[in-house]
Amino acid sequence: MSAPSPTSAARPLQAAHSIAPLRDFIVALGRLLDEKPDEPRILKEGGALLARLVAHDDFLPEAYAQPHPTYYQQYLLHADSTERFSVVSFVWGPGQATPVHDHTVWGLIGMLRGAEYNQPFALDATGRPVPHGAASRLEPGAVEAVSPAIGDLHRVSNAFPDRPSISVHVYGANIGGVHRHTYPEDGPPKPFVSGYSNATLPNLWDRSKDDSRDRVPA
């Protein structure tokens with residue numbers, strides 16, 4: 001199979017035109033968390049906010065939508081200053097998948113482009129990961145939740161063998177710095193810290209680009 005081209009994950013109709021919807025989502029989620037809600041409320045109301053964000057594919061900068069020919073990419077889009085939450089774009093190259101893994105914090109997954117399979121797992125009496133129910137297929141606009149309280153082990157894979165898919169994930173921590181685990185079939189859990197695929201962040205705060213009619217000539 002040939003490697004995906006650098007622009008193969010780009011939105012097919014036109015380039016992203018405004019990052020404002022992402023900024024609005026982050027501000028709204030921060031305000032929700034300011035109220036110190038319990039986790040069920042975070043997942044319900046935060047999930048509704050994420051569903052609103054991914055209902056329209058017009059906000060993700062192309063630099064954070066690029067696949068890698070070998071590895072899925074986890075691009076940090078925003079980390080709360082007190083690490084209450086983080087927002088990332090996951091870019092899946094053709095056929096790419098995660099190992100079975102946990103999160104240790106609540107998480108929300110919003111499908112943006114393409115499609116992916118989410119297969120839940122549970123540990124059997126020997127500590128071996130086994131599928132727990134059927135895999136769900138996420139189409140654009142769909143949102144799912146994970147957490148230690150409702151089910152925290154899963155494996156995610158691109159539903160397509162021939163093109164990239166992209167989802168937007170929100171976690172209740174700076175997920176790139178959280179100590180987590182993968183769960184191989186033939187051994188004990190393996191600790192890992194995921195980090196991020198990018199070294200720079202998108203500029204959420206340049207409001208001059210929101211509407212060209214409001215710009216002042218240089």
Side-chain angles (χ1 to χ4, degrees), residues 9 11 16-62 64-65 72-92 98 101-120 135-152 154-159 164-176 178 194 196-198 201-202 204-205 210:
R11 190 164 60 94
H17 70 263
S18 175
I19 205 169
L22 177 59
R23 180 179 65 238
D24 293 344
F25 166 77
I26 288 166
V27 170
L29 183 61
R31 287 173 177 164
L32 172 62
L33 296 180
D34 286 343
E35 298 178 11
K36 302 187 184 304
D38 59 15
E39 184 176 287
R41 184 181 168 201
I42 293 172
L43 298 182
K44 180 180 179 180
E45 297 185 19
L49 292 172
L50 182 57
R52 188 183 310 163
L53 176 67
V54 298
H56 303 283
D57 184 2
D58 59 1
F59 64 86
L60 185 64
E62 293 302 328
Y64 308 96
Y72 65 87
Q73 300 291 282
Q74 178 176 290
Y75 295 109
L76 178 64
L77 303 178
H78 178 75
D80 175 69
S81 61
T82 59
E83 299 186 283
R84 295 179 302 170
F85 70 96
S86 54
V87 184
V88 301
S89 60
F90 270 82
V91 183
W92 313 92
T98 69
H101 64 280
D102 62 19
H103 309 86
T104 76
V105 297
W106 62 261
L108 293 164
I109 303 161
M111 200 67 215
L112 189 67
R113 305 177 196 169
E116 67 186 38
Y117 289 113
N118 176 19
Q119 173 62 64
S136 60
R137 180 182 170 111
L138 276 67
E139 301 287 347
V143 173
E144 287 196 348
V146 295
S147 88
I150 65 172
D152 196 38
H154 71 172
R155 179 171 59 208
V156 183
S157 58
N158 188 347
S165 293
I166 301 177
S167 50
V168 176
H169 298 209
V170 186
Y171 297 102
N174 172 13
I175 195 64
V178 174
S194 69
Y196 297 108
S197 302
N198 53 314
L201 298 178
L204 298 171
W205 307 110
D210 290 353

Has the side chain of [X] got a donor or acceptor atom that lies under 3.5 Å from a matching backbone atom of [Y]?
X    : Y    : answer
S197 : Q74  : yes
D102 : T104 : no
N118 : V156 : no
N174 : E83  : no
S89  : V168 : no

Is there side-chain contact between [X] and [Y], with at least one heavy-atom pair below 4.5 Å?
X    : Y    : value
H154 : H101 : yes
H78  : F85  : yes
L138 : S136 : yes
S165 : M111 : yes
V91  : R113 : no
P37  : L32  : yes
L43  : I150 : yes
L53  : L22  : yes

Looking only at non-hydrogen atoms, find the nearest pair between [X] and [Y] and report the distance.
X    : Y    : answer
G141 : V54  : CA-CG2, 3.9 Å
V88  : Y171 : CG2-CE1, 4.1 Å
I175 : H103 : CD1-O, 4.2 Å
L112 : P140 : O-CB, 3.7 Å
A173 : S86  : O-OG, 2.6 Å
L76  : L201 : O-CD2, 3.4 Å

Next on the checklist: According to side-chain hydrogen bond (donor to acceptor under 3.5 Å, both in side chains), does anything in residues 37-51 pair up with another residue at least two apart or in another chain? List the pairs.
Outcome noted: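 Qualifying pairs, neighbours excluded: E35-R41, E39-S147, R41-E45.
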Next on the checklist: Parallel, tilted or perpendicular: which one describes the rings of H169 and W92, with boundaries at 30° and 60°?
Outcome noted: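 Ring orientation, 0 to 90° scale: tilted.
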Item to check | Derivation and outcome, side-chain contact (heavy atoms from CB on, under 4.5 Å), residues T98 and Y72 | outcome: CA-CA 8 Å; T98 69; Y72 65 87; 3.8 Å; yes
Checklist entry - Can W106 and V146 be said to form a side-chain contact (heavy atoms from CB on, under 4.5 Å), step by step? => result CA-CA 6 Å; W106 62 261; V146 295; over 6 Å; no
Item to check | Residue list, salt bridge (charged side-chain N to carboxylate O under 4.0 Å, His left out) with R137, at least two apart or on another chain | outcome: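 R137 satisfies salt bridge (charged side-chain N to carboxylate O under 4.0 Å, His left out) with E139 only.
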Next on the checklist: For a side chain to side chain donor-acceptor pair (under 3.5 Å) check, start with the C-alpha distance between E116 and S157, then their side-chain angles and the critical distance, and finish with the verdict.
Outcome noted: CA-CA 5 Å; E116 67 186 38; S157 58; over 6 Å; no
Item to check | side-chain contact (heavy atoms from CB on, under 4.5 Å) assessment of L108 paired with E144 | outcome: CA-CA 6 Å; L108 293 164; E144 287 196 348; over 6 Å; no
Next on the checklist: Let's go through F90 and I166 carefully: what are the C-alpha distance in whole Å and the side-chain angles of both, what is the deciding distance for side-chain contact (heavy atoms from CB on, under 4.5 Å) to 0.1 Å, and is it a yes or a no?
Outcome noted: CA-CA 6 Å; F90 270 82; I166 301 177; over 6 Å; no
